[in-house]
Amino acid sequence: MAQARIIDGRATAERLRADLAVEVARLKSEHGLTPGLAVILVGDDGASQVYVRSKGEQSRAAGMHSVTHILPAGTSQTELLALVRHLNGDPAIHGILVQLPLPAGLDEKAIIQAIDPDKDVDGLHVINAGRLSQGVPCLAPCTPVGCMILLRETLGQDLSGKRAVVIGRSVLVGRPVAQLLLQADCTVTIAHSRTRDLASVCREADILVAAAGRAQMVKADWLKPGVTVIDVGTNPVPFRDPVKAAAGRTRLVGDVDYKAALDVAHAITPVPGGVGPMTVACLLVNTVMAAKRIAGLKA
Ligand code: GUN
């Protein structure tokens with residue numbers, strides 16, 4: 001069998017951003033509307049700082065209004081809630097994202113539920129989760145939206161009747177991607193850490209979305225020949241090079257044994273360079289969508 005097609009998330013994300021820049025320019029010139037994104041980072045987690053910087057840079061590059069609020073780790077629940085409420089009422093802001101995880105002591109759920117659901121570009125508010133489960137227009141979480149774009153680009157718009165297996169049931173990825181697959185008329189199974197005989201469940205899949213957070217857990221013999229694999233995992237593992245490993249350096253691998261899967265799958269996302277770049281691009285997509293809806297334009 002031929003080697004799997006490698007699904008290039010970087011290229012797709014770049015195209016999405018270019019299309020968005022055109023749309024943002026049109027919204028400005030035709031409607032005087034500049035989509036605005038506010039990102040809140042509490043504390044000094046290194047990885048979160050990198051993600052937040054990238055969200056700001058990419059939204060500005062697309063011509064959007066972008067503000068980043070960096071708050072000290074000691075910020076109280078009351079202070080954070082006050083900022084979220086202020087942004088809810090700010091007409092220049094159409095999307096609000098609170099970078100997770102929040103430092104210990106802050107109630108993540110309460111903060112997310114304080115965001116105006118129409119500005120919840122992360123799609124994490126229960127109102128948006130409910131809308132998603134009912135198949136009505138909503139803001140859906142960015143990574144699942146990115147997974148669906150990559151799937152449709154690979155398999156065509158019509159995913160109807162395909163057997164989809166999602167490994168993982170998180171609020172951020174597993175559950176919402178399962179809902180989006182269901183909306184696309186796939187037959188969906190959500191597998192998780194308690195699933196019995198996970199390998200044979202996976203072997204049923206025409207589409208496998210791996211979002212378990214366990215390095216290289218999915219082996220090649222878990223895959224049906226011709227499956228399309230979307231690997232959401234980003235697991236740091238030590239370098240094979242003993243010198244780098246001894247220095248404590250890590251590289252990222254997915255939830256799927258990528259090299260072995262290349263011989264079995266029809267198509268697969270690499271890690272890095274697959275789903276990852278799509279997440280921020282889809283955040284921008286969601287922000288433009290939110291801005292249009294808030295302004296009463298067709299989105
Ligand atoms: N931290 C890691 N991924 C995400 C995400 O998608 N949204 C937010 N808010 N925080 C994250």
Side-chain angles (χ1 to χ4, degrees), residues 9 13 16 36-59 66-71 73 75 77 80-81 83-84 87-88 93-104 106-129 132 138-150 166 168-180 209-213 230-236 252 254-255 269 271-272 274-287 289-290:
L16 262 183
L37 172 67
V39 177
I40 304 173
L41 172 63
V42 187
D44 42 24
D45 178 75
S48 291
Q49 285 171 338
V50 173
Y51 292 134
V52 165
R53 198 176 314 128
S54 158
K55 287 166 186 175
E57 283 167 4
Q58 292 192 32
S59 51
S66 167
V67 282
T68 304
H69 294 269
I70 299 177
L71 307 180
T75 300
Q77 183 84 1
L80 186 51
L81 279 174
L83 175 58
V84 168
L87 294 168
N88 283 343
I93 295 299
H94 308 95
I96 302 168
L97 181 142
V98 178
Q99 185 67 27
L100 303 176
L102 288 171
L106 290 171
D107 179 351
E108 215 160 85
K109 282 199 178 122
I111 301 289
I112 299 296
Q113 300 318 312
I115 298 172
D116 176 346
D118 294 335
K119 295 189 176 186
D120 167 39
V121 283
D122 241 351
L124 296 179
H125 197 288
V126 289
I127 295 270
N128 281 314
L132 181 62
C138 66
L139 290 163
C142 305
T143 301
V145 170
C147 293
M148 295 305 291
I149 292 172
L150 293 178
V166 177
R169 52 180 158 176
S170 71
V171 170
L172 211 57
V173 183
R175 286 168 200 250
V177 82
Q179 292 291 351
L180 290 170
V209 179
I230 303 292
D231 191 347
V232 186
T234 49
N235 310 290
L252 284 184
D255 288 354
T269 56
V271 177
V275 174
M278 293 296 289
T279 299
V280 183
C282 290
L283 172 66
L284 309 188
V285 170
N286 274 356
T287 305
M289 191 190 289

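Quick caveat: nothing in here was measured; it's all calculated off a predicted structure. Order of appearance sets the numbers: ligands from 1, and atoms from 1 within every ligand. For the single chain, residues carry numbers from 1 onward in sequence order.
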Using distance only, find each side-chain donor-acceptor pair of residues 49-57 under 3.5 Å and give its atom names and separation, not counting sequence neighbours.
unit_1: Ser54; atom_1: OG; unit_2: Gln58; atom_2: NE2; d: 3.2
unit_1: Lys55; atom_1: NZ; unit_2: Gln99; atom_2: OE1; d: 2.6

Exercise. Where the side chain of Asn286 meets the backbone of Val121, is there a donor-acceptor pair that is under 3.5 Å apart?
Worked result: yes

Heavy-atom closest pair (His125 atom, Ile112 atom, distance to 0.1 Å) is CD2-O, 3.5 Å

To the nearest 0.5 Å, atom NE2 of His69 lies from atom OG1 of Thr75 at 12.5 Å

Looking only at atom types and distance, does a side-chain atom of Asn88 sit under 3.5 Å from a main-chain N or O of Ala114, one as donor and one as acceptor? yes

Report all N/O contacts between ligand 1 and the protein shorter than 3.5 Å as a table of atom names and distances to 0.1 Å; if there are none, say 'none'.
unit_1: ligand 1; atom_1: 1 (N); unit_2: Gln99; atom_2: NE2; d: 3.2
unit_1: ligand 1; atom_1: 1 (N); unit_2: Leu100; atom_2: O; d: 2.9
unit_1: ligand 1; atom_1: 7 (N); unit_2: Asp122; atom_2: OD1; d: 3.1
unit_1: ligand 1; atom_1: 7 (N); unit_2: Asp122; atom_2: OD2; d: 3.1
unit_1: ligand 1; atom_1: 9 (N); unit_2: Val98; atom_2: O; d: 2.8
unit_1: ligand 1; atom_1: 9 (N); unit_2: Asp122; atom_2: OD2; d: 2.4
unit_1: ligand 1; atom_1: 10 (N); unit_2: Leu100; atom_2: N; d: 3.0

(Q) Set out, in order, the CA-CA distance, both residues' side-chain angles and the distance that settles side chain to side chain contact (heavy atoms under 4.5 Å, CB included) for Thr269 and Met278, then state yes or no. (A) CA-CA 11 Å; Thr269 56; Met278 293 296 289; over 6 Å; no

